[in-house]
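A quick write-up on the structure given underneath.
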Amino acid sequence: METNLTSCFILSQYAARSMIARKGGKIINVASVGGFKGTPIYPSYGVSKGGLLQLTRCLAIELAPHNIQVNSIAPGWTTTDMTAWIRDDPKYAEVKAEMITRTPAGRFAYPSEVAGAAVFLASSASDFVTGADIIVDGGFFIR
């Protein structure tokens, strides 16, 4: 909770003060598709990311009058150290196979594929986008 939600809340407060003084800015939270749906594998992670999705919406409403856009990126399964357990441990082979089957792209994302959403949200191309959750998951969420 402290890593995924409380720290984002506190950092957003600090960033917003500076952005209000500069009359604009962008806050991009990194949530997860795990924040949208329940899971028995990692409930505390899902709860914290679900809270972050809601924090994003609340901050978007509060900060919009200051020309500050607040959005989130919600990656699906991505090739990182954090997902090594499901990719490498034979004990989770069945879970990994289900994830691959449910993902139309048929694989984990690469971090660079998630970065494109951040580039968009940080750019002026997203100046009228606020309170949005951009899902980057190869289609996992739609199944």
Value rounded to 0.5 Å, distance of [atom1] in [X] from [atom2] in [Y]:
| X | Y | atom1 | atom2 | result |
| --- | --- | --- | --- | --- |
| E2 | F9 | CD | CZ | 13.5 Å |
| M19 | I27 | CE | CD1 | 4.5 Å |
| L52 | L59 | CG | CG | 9.0 Å |
| S18 | Q13 | OG | CD | 14.0 Å |
| Q69 | S126 | CD | OG | 6.0 Å |
| T103 | F108 | OG1 | CZ | 8.0 Å |

Which atom names give the shortest non-hydrogen contact between [X] and [Y], and what distance separates them?
| X | Y | answer |
| --- | --- | --- |
| M1 | V47 | SD-CG1, 4.2 Å |
| R57 | G131 | CG-O, 4.0 Å |
| P75 | V114 | CG-CG1, 3.9 Å |
| K49 | S32 | CG-CB, 3.8 Å |
| I134 | A117 | CG2-CB, 4.1 Å |
| T78 | P111 | CG2-N, 3.9 Å |

Would a single hydrophobic cluster contain both [Y] and [X], if residues Ile, Leu, Val, Met, Phe, Trp and Tyr are joined by side-chain heavy-atom contacts under 4.5 Å?
| X | Y | answer |
| --- | --- | --- |
| I100 | W85 | yes |
| V129 | V119 | no |
| I61 | I68 | no |
| F120 | F128 | no |
| L5 | V30 | no |

Q: Using salt bridge (charged side-chain N to carboxylate O under 4.0 Å, His left out) as the criterion, list what pairs up with E62, not counting sequence neighbours.
A: none

Q. Can I28 and I73 be said to form a side chain to side chain contact (heavy atoms under 4.5 Å, CB included), step by step?
A. CA-CA 7 Å; I28 305 167; I73 299 169; 3.8 Å; yes

Q. Going by an N to O cut-off under 4.0 Å, is there a salt bridge joining K96 and D89?
A. no

Under a 3.5 Å distance rule, please check whether [X] uses its side chain to pair with a backbone N or O of [Y] as donor and acceptor.
| X | Y | answer |
| --- | --- | --- |
| S72 | A74 | no |
| T79 | A109 | yes |
| R107 | G138 | no |

Q) Would you call I20 and L63 a side-chain contact if the rule is heavy atoms closer than 4.5 Å? A) yes

**Q.** Any L121 side-chain heavy atom under 4.5 Å of K26 side chain
**A.** no

Q. Has F36 got more than 12 heavy atoms of other residues, nucleotides or ligands less than 6.0 Å from its CZ?
A. yes

Q.
By the definition side-chain hydrogen bond (donor to acceptor under 3.5 Å, both in side chains), identify the one residue from N4, D133, T56 that meets it with N29.
A. T56

Q: Decide yes or no on side chain to side chain contact (heavy atoms under 4.5 Å, CB included) for F141 and K37, but give the supporting numbers first.
A: CA-CA 9 Å; F141 192 73; K37 296 184 176 187; 3.5 Å; yes

